[in-house]
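Note sheet for the following structure.
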Amino acid sequence: MLTSKQRSELRGQATTIDTTLMVGKGGVTEAVIAEAENQLNTRELVKGKVLEGAMMTPREVCDELCEATGAEGIGVIGTKFVIYRFSEKLQEERNQTGRAKRKETPTGKKNPVRKGAQARRQAARKVREQRNEYFRQQAIDKAIEREREKQFRESNE
């Protein structure tokens with residue numbers, strides 16, 4: 001299962017790759033599944049398109065292909081979809097060429113500016129909550145005081 005950050009990174013990578021898998025009016029056939037398997041083994045990240053004549057939505061095609069191939073759906077936009085599955089064959093090629101032992105699924109980098117902004121927002125929220133609690137308590141105290149004055153006036157009459 002991919003995290004949202006990993007999925008986001010893969011979506012970013014998918015913008016630069018070409019659409020290589022086409023699904024036509026026949027829908028998700030054995031040939032389409034076989035081609036998707038082949039591409040997932042050689043590329044890991046596959047971008048596909050559902051043609052206008054197809055009787056299925058891109059989301060349905062993506063879900064069906066993911067179920068048939070064991071891949072994960074990365075995203076569906078318009079008529080295009082992206083699927084991902086780790087490839088052992090591709091990993092062996094990386095090991096032979098001296099690249100990384102295992103290609104880690106991409107993760108987002110930590111952003112210190114964002115962390116600082118989040119801390120400032122939390123501090124501001126805490127100050128607002130304290131201020132609101134103060135005014136809420138003041139309103140309660142004022143209501144209690146009015147009620148006491150009203151009871152006092154009624155008892156004096």
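All residue numbers refer to positions in the sequence shown, counting from 1. Nothing here was measured: the structure is a model prediction, and the numbers come from that model.
- Both Val82 and Leu10 belong to a single network of hydrophobic side chains, linked directly or stepwise wherever heavy atoms of I, L, V, M, F, W or Y lie under 4.5 Å apart.
- How far CD1 of Ile74 is from CG of Leu45: 7.0 Å, rounded to the nearest 0.5 Å.
- Within 6.0 Å of atom CD in Glu67, 12 or fewer heavy atoms from other residues, nucleotides or ligands are found, so the atom counts as exposed in its surroundings.
- Within 6.0 Å of CD1 in Ile17 there are more than 12 heavy atoms belonging to other residues, nucleotides or ligands.
- Within 6.0 Å of CD in Glu30 there are 12 or fewer heavy atoms belonging to other residues, nucleotides or ligands.
- Linking ILVMFWY side-chain heavy atoms closer than 4.5 Å, directly or via other members, places Val61 and Leu40 in a single hydrophobic cluster.
- Across every non-hydrogen atom of Arg85 and Thr69, the tightest pair is NH1-O, 2.6 Å.
- For the atom pair CG of Asn132 and CD of Gln137, the computed distance is 13.0 Å after rounding to the nearest 0.5 Å.
- Between Glu149 and Glu145 there is a side-chain heavy-atom pair separated by less than 4.5 Å.
- Considering every non-hydrogen atom in both Ala54 and Gly24, the closest pair reads CB-O, 3.2 Å.
- The structure places CD1 of Ile77 at 10.0 Å from CZ of Arg59, a figure rounded to the nearest 0.5 Å.
- Note that CD of Glu72 and CZ of Phe86 are 13.0 Å apart. Values are rounded to the nearest 0.5 Å.
- A 4.5 Å side-chain heavy-atom check between Lys47 and Thr20 finds every atom pair outside the cut-off.
- Note on Phe81: it clusters hydrophobically with Val46, by side-chain heavy-atom contacts below 4.5 Å among ILVMFWY residues.
- Put simply, the side chain of Glu44 gets close to the backbone of Ser87: a donor and an acceptor are under 3.5 Å apart.
- Counting heavy atoms from C-beta outward, Lys49 and Val23 have side chains that stay 4.5 Å or more apart.
- Between the side chain of Thr29 and the backbone N or O of Gly26 there is no donor-acceptor pair closer than 3.5 Å.
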| said: Run the side chain to side chain donor-acceptor pair (under 3.5 Å) test on Glu35 and Gln39 for me, step by step, so that the C-alpha distance in whole Å, both residues' side-chain angles and the decisive distance to 0.1 Å come before the verdict. | reply: CA-CA 6 Å; Glu35 182 61 26; Gln39 289 186 19; 2.9 Å; yes

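- The closest donor-acceptor contact from the side chain of Ser8 to the backbone of Ser4 lies at 3.5 Å or more, if one exists at all.
- Atom CG of Asp141 sits about 11.0 Å away from atom CZ of Arg146, to the nearest 0.5 Å.
- Cluster annotation: Ile33 is connected to Leu21 through the hydrophobic network of ILVMFWY side chains, with a link wherever side-chain heavy atoms come within less than 4.5 Å.
- For Asn41 (side chain) and Glu37 (main-chain N/O), a donor-acceptor pair under 3.5 Å exists by modelled atom type.
- Interatomic distance, NZ of Lys150 versus CZ of Arg148, reported as 15.0 Å (0.5 Å rounding).
- If you chain together hydrophobic residues whose side chains sit under 4.5 Å apart, Val50 and Ile83 fall into the same group.
- Scanning all heavy atoms of the two residues, the minimum distance from Cys66 to Gly73 falls at SG-N, 3.2 Å.
- Distance alone, capped at 3.5 Å, is enough to place a donor-acceptor pair between the Arg7 side chain and the Leu2 backbone.
- Residue Glu52 qualifies as open at atom CD: its count of foreign heavy atoms under 6.0 Å is 12 or below.
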